[in-house]
2 protein chains.
Amino acid sequence: MQDLTSCACTGKTLPRLLRPVILSVLSNGDSHGYAITGRLGHLAFFADQPPDHTGVYRALQSMEKEGLILSDWEHSRTGPGKRCYRLTPKGGACLKKWKQTLEEYKRTIDTLLASL
Amino acid sequence: MQDLTSCACTGKTLPRLLRPVILSVLSNGDSHGYAITGRLGHLAFFADQPPDHTGVYRALQSMEKEGLILSDWEHSRTGPGKRCYRLTPKGGACLKKWKQTLEEYKRTIDTLLASL
DNA sequence: CTCCAATATGTGACCTAATCACATATATAG
DNA sequence: CTATATATGTGATTAGGTCACATATTGGAG
């Protein structure tokens, strides 16, 4: 590392908070990987560095394994099939917990910033 | 995962922001791994789940490789030797950048929380 | 004197999350 | 027929973190 452009301090290695974002999207209506990825590209946080779709698909897979979401194949006449995901009650509980955790995390960052 | 106690939503997998915390500590005076680890255990964020010392030592090693910090052995009459770390100018610049990044990250979380 | 605790540093193995590169398939527009 | 948008997926690598293990010094309790 010659300069700081690839340093963690640039935020490039900070987690994209993919899981809570996905849960949030699904709480506003069922969706699928490609659409979710596209939506993230429009959020300010992801605008300059939209997340690789790989992460979204793998997050969806593991979240389904954990029982937070469920999927069904949706075959419309146009385009390839979509794996349509929806929240489970457990996923809803997880989303609630995320809210608490993120509030706490924000307080942590505030404390840290105060000491910088 | 039967319940949500080991889910990412609990914040256990959120990054501990070790690097900026270490830089912050060092900006307030030279220190070494064991002392830094101990200090983290007293912070509210780490209180219930203090970071493993392994992460601290490895962060220090990689940050030294990257030129953010420098170390010298300090042999006092009492106890084992300490590897005493101090900030380099580059480390100071990194710390400044972290400040911007964390402000941005906080805004992201605010936006996300608003949609939860 | 011996053993234990506090201080202090380190390695190996493993896990999670993220990204890069690659691979595949359908339907429509030109 | 070919390019583009839509749509899903795997393999390899890296970063960061935890658990378990290993080692060394010093001072105090028994």
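This is a predicted model, so every value here is computed, not measured. Per chain, numbering begins at 1; letters A, B, ... match sequence-line order.
Side-chain atoms of B:Arg19 and base atoms of D:dG17 include no donor and acceptor less than 3.5 Å apart.
In this structure the side chain of A:Thr5 never reaches within 4.5 angstrom of the side chain of A:Thr10, judged on heavy atoms. Considering only heavy atoms from C-beta on, B:Ile36 comes within 4.5 Å of B:Leu26 through its side chain. A 4.5 Å side-chain heavy-atom check between B:Phe45 and B:Pro51 finds every atom pair outside the cut-off.
Annotation: of the two residues near DNA chain D, A:Arg83 and B:Pro80, the 5′-most nearest-nucleotide partner is A:Arg83.
Look at CZ on B:Arg16: it is 15 Å from P on C:dA17, rounded to the nearest Å. Atoms NE2 (A:His75) and C1' (C:dA27) sit 15 Å apart, rounded to a whole Å. Distance CH2 (A:Trp73) to C1' (D:dA7): 8 Å, rounded to an integer number of Å. If you take CG of A:Asp52 and P of D:dT10, they are 14 Å apart, rounded to a whole angstrom. If you take CG of A:Leu40 and C1' of C:dA18, they are 14 Å apart, rounded to a whole angstrom.
Which of D:dG16, C:dT11, D:dT18 sits closest to the side chain of B:Gln61 comes down to C:dT11. Considering only side-chain atoms of A:Thr13, the nucleotide from C:dA18, D:dG16, C:dG10 that sits closest is D:dG16. Of the listed nucleotides (C:dT9, D:dC19, D:dG16), D:dC19 has the atom at the smallest distance from the side chain of B:Thr54. If you check D:dT8, C:dA18, C:dG10 against the side chain of B:His53, the one that comes closest is C:dG10. With C:dA17, D:dG17, D:dT8 as the choices, the nucleotide that has an atom nearest any side-chain atom of A:Lys82 turns out to be D:dT8. When distances run from any side-chain atom of B:Tyr57 to the nucleotides D:dG9, D:dT25, C:dT9, the shortest one goes to C:dT9.
Among the candidates A:Arg83, A:Arg86, A:Lys82, the single residue satisfying the salt bridge (charged side-chain N to carboxylate O under 4.0 Å, His left out) test with A:Asp72 is A:Arg86.
In terms of modelled atom types and a separation under 3.5 Å, the side chain of A:Ser71 and the main chain of A:Cys84 share no donor-acceptor contact.
Counting any heavy atom pair closer than 4.0 Å across all strands shown, B:Gly38 reaches no nucleic acid atom. When heavy atoms are screened at a 4.0 angstrom cut-off, B:Leu17 is found touching the sugar-phosphate backbone but no base atom. Nucleic acid contact class of B:Gly55 (heavy atoms, under 4.0 Å, all strands): base.
A sub-4.0 Å separation between OP1 or OP2 of C:dT16 and a side-chain N or O of A:Arg58 is absent. Considering only side-chain N and O atoms, A:Tyr34 lies under 4.0 angstrom from the phosphate OP1 or OP2 of D:dT6.
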